[in-house]
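None of the values given here were measured: they were computed from a predicted structure.
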Amino acid sequence: MVNYYLLLQRRDSFFFRKIPIQRKIQININDDIFIIPTKESKKRAIRFAEEIRRCNLKITFRINLRADSLGVEDENIIIKLKEAGLIDVFVGIEGGTNETLKNYNKKVVPSQNITMLKMLQKHDVLDPTCGFITFNPFTTIE
């Protein structure tokens, strides 16, 4: 039997509870706002990664991000998450044109999408998955 820890969060603090588990753990964090483009959110993501490492947890995990969640100045966050066990990221790209992104009020531009994907690729995050809105009410054949 292997001991792992269950991650719990109360407001700004993380804590782990020891639980017995007999297999490797992979966690899918389905939180659309796991990291948002604020200093507080980015600090929280770093604390999350540091706590996993501090407890020497042998887990892998996946997260969801918006393309504007992190910029090139935030590469250290991807590095820390990767060191803690990040293996995959779902990125809400939504569209490849300024017009589509504007129609959905995404407040991002295609270059931010590209920056995010390049950063994930640079740090060997396995096969990031991208979410696209394929058709919208404004889509035409042309």
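- To the nearest 0.5 Å, atoms CG (Leu86) and CD1 (Ile63) are separated by 5.0 Å.
- Of all non-hydrogen atoms in Met119 and Leu70, the two that sit nearest each other are CE-CB, 3.9 Å.
- A donor-acceptor distance shorter than 3.5 angstrom exists from the side chain of Arg44 to the backbone of Phe34, with no hydrogens or angles considered.
- We find the OG1-CD distance between Thr100 and Glu94 to be 10.5 Å, quoted to the nearest 0.5 Å.
- Separating the NZ atom in Lys82 from the NE2 atom in His123 is a distance of 10.5 Å, to the nearest 0.5 Å.
- Here the straight-line distance linking atom CD of Glu83 with atom CG of Asn76 works out to 10.0 Å at 0.5 Å rounding.
- The two residues Gln112 and Lys107 have their closest heavy-atom pair at OE1-O, 4.1 Å.
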Checking side-chain contact (heavy atoms from CB on, under 4.5 Å) for the pair Gln26/Ile87: CA distance, chi angles, key distance, verdict? CA-CA 9 Å; Gln26 180 175 311; Ile87 59 166; 3.8 Å; yes
Start with the C-alpha gap between Asn64 and Ile29, add the side-chain angles, then the distance that decides, and say whether side-chain contact (heavy atoms from CB on, under 4.5 Å) holds. CA-CA 7 Å; Asn64 299 341; Ile29 301 172; over 6 Å; no
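- Rounded to the nearest 0.5 Å, atoms CG (Leu65) and CG (Leu81) are 8.5 Å apart.
- Atom CD of Glu99 has 12 or fewer neighbouring heavy atoms from other residues, nucleotides or ligands inside a 6.0 Å radius.
- In this structure, Ile46 CD1 and Asp74 CG are separated by 8.0 Å, a value rounded to the nearest 0.5 Å.
- Here the shortest heavy-atom pairing between Ser69 and Lys42 reads O-CE, 3.3 Å.
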Go through Ile77 and Lys80 one step at a time and tell me if the side-chain contact (heavy atoms from CB on, under 4.5 Å) criterion holds. CA-CA 5 Å; Ile77 297 171; Lys80 286 185 181 293; 5.9 Å; no
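- No single ILVMFWY cluster, assembled from side-chain heavy atoms under 4.5 Å apart, contains both Val109 and Val91.
- Contact detail for Ile52 and Ala84: the closest heavy-atom pair is CG2-O, 3.4 Å.
- Both Ile27 and Ile78 are assigned to one and the same hydrophobic cluster, defined by single-linkage of ILVMFWY side chains at heavy-atom distances under 4.5 Å.
- Taken together through direct or relayed side-chain contacts under 4.5 Å among Ile, Leu, Val, Met, Phe, Trp and Tyr, Phe132 and Met116 form part of one hydrophobic cluster.
- Shortest non-hydrogen contact noted between Pro110 and Thr97 is CG-C, 3.9 Å.
- Listed here is the closest heavy atom pair of Ala67 and Asn113: CB-OD1, 2.9 Å.
- Of the possible polar contacts, one joining the Thr115 side chain to the Ser111 backbone as a donor-acceptor pair under 3.5 Å is found.
- Taken together through direct or relayed side-chain contacts under 4.5 Å among Ile, Leu, Val, Met, Phe, Trp and Tyr, Ile79 and Ile59 form parts of separate hydrophobic clusters.
- Using a 4.5 Å cut-off between side-chain heavy atoms of Ile, Leu, Val, Met, Phe, Trp and Tyr, with links allowed through other members, Phe90 and Leu120 fall into different hydrophobic clusters.
- At most 12 non-hydrogen atoms from other residues, nucleotides or ligands lie less than 6.0 angstrom from CD of Gln121.
- Between Arg54 and Glu51, at least one side-chain N (NZ, or NE/NH1/NH2) sits under 4.0 Å from a carboxylate O, which counts as a salt bridge.
- Between Phe61 and Phe48, a ring centre-to-centre spacing shorter than 6.0 Å is recorded.
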